[in-house]
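Computation of the quantities below employed the complete heavy-atom set of this structure, encompassing side-chain atoms and omitting hydrogens, waters and symmetry-equivalent molecules.
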Amino acid sequence: MALQSLHAISGCRIIAVDREPAARVLAKDLGADFILDGGPNVVEEVAQITGGGAHVVIDFVGELGVENICWKMVRKGGQLFVVGYGGNINVPTAHLVIEEINIGGSLVGNFTELVELMELNADGKVKMHYTEYNLASINTALDDFKNRRFTGRGVIVP
C-alpha cells in the first residue's frame, strides 16, 4: 500500500527491496522503478541507483538485521522511517551528526491520513493485497505466514 500511495501522491522514484521473490513480483506489478533482492551488496546498489543514497528510506521490517542496513542507504541529510519493529538499531552517533541523518518511527498514521488512504482506495489508486482465511483455518493461516506462502496481508474472518 505504501508503494501505491507514493505513486499516487508523489513523483519520486521508488526502489523496492525484498528477499521474497513473490514480493518483488508484486512490487514490479505495482510500479516500483527498481526492484532489488536485498543481497549482500544492497547498500551499494541503492547508492549507485540514487547517486549517493536515498533521500528517504522506509523500513517495514525493523528486525532480522534489516534495521542495521536501512540507515546505511540514506544519503546525507536524508531520513529513515522505521515502521517494522523487533530489533535494535546500532548507528554510530558520529555518523548521525556528520551525515545529518534523521531517524523516526511510526506505528500508524493519523485519522486524516486514514481518510486520505480510503480516498485513494475509492479512486482505485490503492488496492489492498490480502489472502483471506476463515476463523476455523487459523492454524493454516499461521503456517502460511511463517512459511511465506502469501504476499500482502493475511486476514482472518470470523
Side-chain angles (χ1 to χ4, degrees), residues 1-110 112-121 123-131 144-154:
M1 290 179 63
L3 192 152
Q4 295 171 83
S5 296
L6 283 170
H7 262 297
I9 65 173
S10 78
C12 68
R13 290 185 309 160
I14 299 171
I15 302 171
V17 180
D18 205 298
R19 293 179 180 157
E20 279 302 312
R24 291 194 303 270
V25 169
L26 181 58
K28 182 177 181 179
D29 291 345
L30 295 175
D33 298 290
F34 301 90
I35 296 101
L36 304 177
D37 65 7
N41 299 318
V42 69
V43 173
E44 292 80 11
E45 291 172 314
V46 169
Q48 183 178 18
I49 291 168
T50 60
H55 291 279
V56 176
V57 172
I58 305 172
D59 176 4
F60 290 100
V61 180
E63 61 179 345
L64 306 173
V66 174
E67 71 278 24
N68 286 303
I69 295 172
C70 288
W71 66 264
K72 296 175 183 176
M73 296 180 194
V74 178
R75 74 172 49 235
K76 183 174 183 142
Q79 298 182 34
L80 168 62
F81 294 101
V82 182
V83 178
Y85 53 89
N88 295 297
I89 298 176
N90 299 304
V91 183
T93 54
H95 184 82
L96 281 176
V97 173
I98 293 168
E99 295 298 316
E100 299 177 327
I101 292 174
N102 295 301
I103 299 176
S106 179
L107 184 58
V108 294
N110 60 39
T112 301
E113 292 165 338
L114 176 61
V115 170
E116 291 169 346
L117 180 61
M118 293 303 101
E119 289 172 355
L120 288 172
N121 180 262
D123 292 343
K125 295 178 180 175
V126 173
K127 179 183 175 200
M128 173 73 111
H129 294 271
Y130 64 92
T131 301
D144 287 353
F145 175 75
K146 287 181 198 175
N147 293 293
R148 299 178 173 160
R149 292 191 191 106
F150 61 85
T151 56
R153 303 277 183 212

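Arg24 contributes a side-chain N or O that, together with a main-chain N or O of Arg19, makes up a donor-acceptor pair within less than 3.5 Å. A donor-acceptor pair is defined here as one N or O able to donate and one able to accept, closer than 3.5 Å; such a pair exists between the side chain of Asn68 and the backbone of Asn88.
Asp59 and Glu67 make their closest contact through OD2-CA, 3.5 Å (heavy atoms, listed as atom of the first residue, atom of the second, distance). In terms of heavy atoms, Val46 sits closest to Thr50 at O-OG1, 2.7 Å. Of all non-hydrogen atoms in Leu36 and Glu45, the two that sit nearest each other are CD1-CB, 4.0 Å. Shown here for Val43 and Lys72, the closest heavy-atom pair between the two residues is CG1-O, 3.5 Å. Counting all heavy atoms, side chain and backbone alike, Ile98 lies closest to Lys76 at O-NZ, 3.4 Å. Minimum heavy-atom separation, Glu44 to Pro40: OE1-O, 4.0 Å.
Within 6.0 Å of the OH atom in Tyr130, the count of heavy atoms belonging to other residues, nucleotides or ligands does not exceed 12. With a 6.0 Å radius and a threshold of 12 heavy atoms from other residues, nucleotides or ligands, Arg153 has its CZ atom at or below the threshold. Residue His55 qualifies as open at atom NE2: its count of foreign heavy atoms under 6.0 Å is 12 or below.
Here Gln79 contributes atom CD and Ile103 contributes atom CD1; the two are 10.5 Å apart, rounded to the nearest 0.5 Å. Between His7 atom NE2 and Lys125 atom NZ the span is 13.0 Å, to the nearest 0.5 Å. Note that CG of Asn121 and CE of Met1 are 7.0 Å apart. Values are rounded to the nearest 0.5 Å. With rounding to the nearest 0.5 Å, the separation of CZ in Arg13 from CG in Leu6 is 13.5 Å. A distance of 7.5 Å separates CD in Glu113 from OG in Ser106, rounded to the nearest 0.5 Å.
Contact annotation: the side chain of Leu120 never approaches that of Gln4 to less than 4.5 Å [non-hydrogen atoms, C-beta and beyond]. By the 4.5 Å heavy-atom criterion applied to side chains, Leu96 and Trp71 are not counted as neighbours. With a 4.5 Å cut-off on side-chain heavy atoms, Met73 and Val42 count as touching. A 4.5 Å side-chain heavy-atom check between Val25 and Lys28 finds every atom pair outside the cut-off. In this structure, Phe60 and Cys70 have side chains that are not in contact, with every pair of non-hydrogen atoms separated by 4.5 Å or more. Proximity of Ile89 to Val82: side-chain heavy atoms (C-beta onward) are separated by under 4.5 Å at one or more points.
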Assess the residue pair Arg149 and Thr131 against the criterion (side-chain contact (heavy atoms from CB on, under 4.5 Å)); give the C-alpha distance rounded to whole Å, side-chain angles, the decisive distance to 0.1 Å, and a yes or no. CA-CA 10 Å; Arg149 292 191 191 106; Thr131 301; over 6 Å; no
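When the side chain to side chain donor-acceptor pair (under 3.5 Å) test is applied to Asn102, no partner is found at least two apart in sequence or on another chain.
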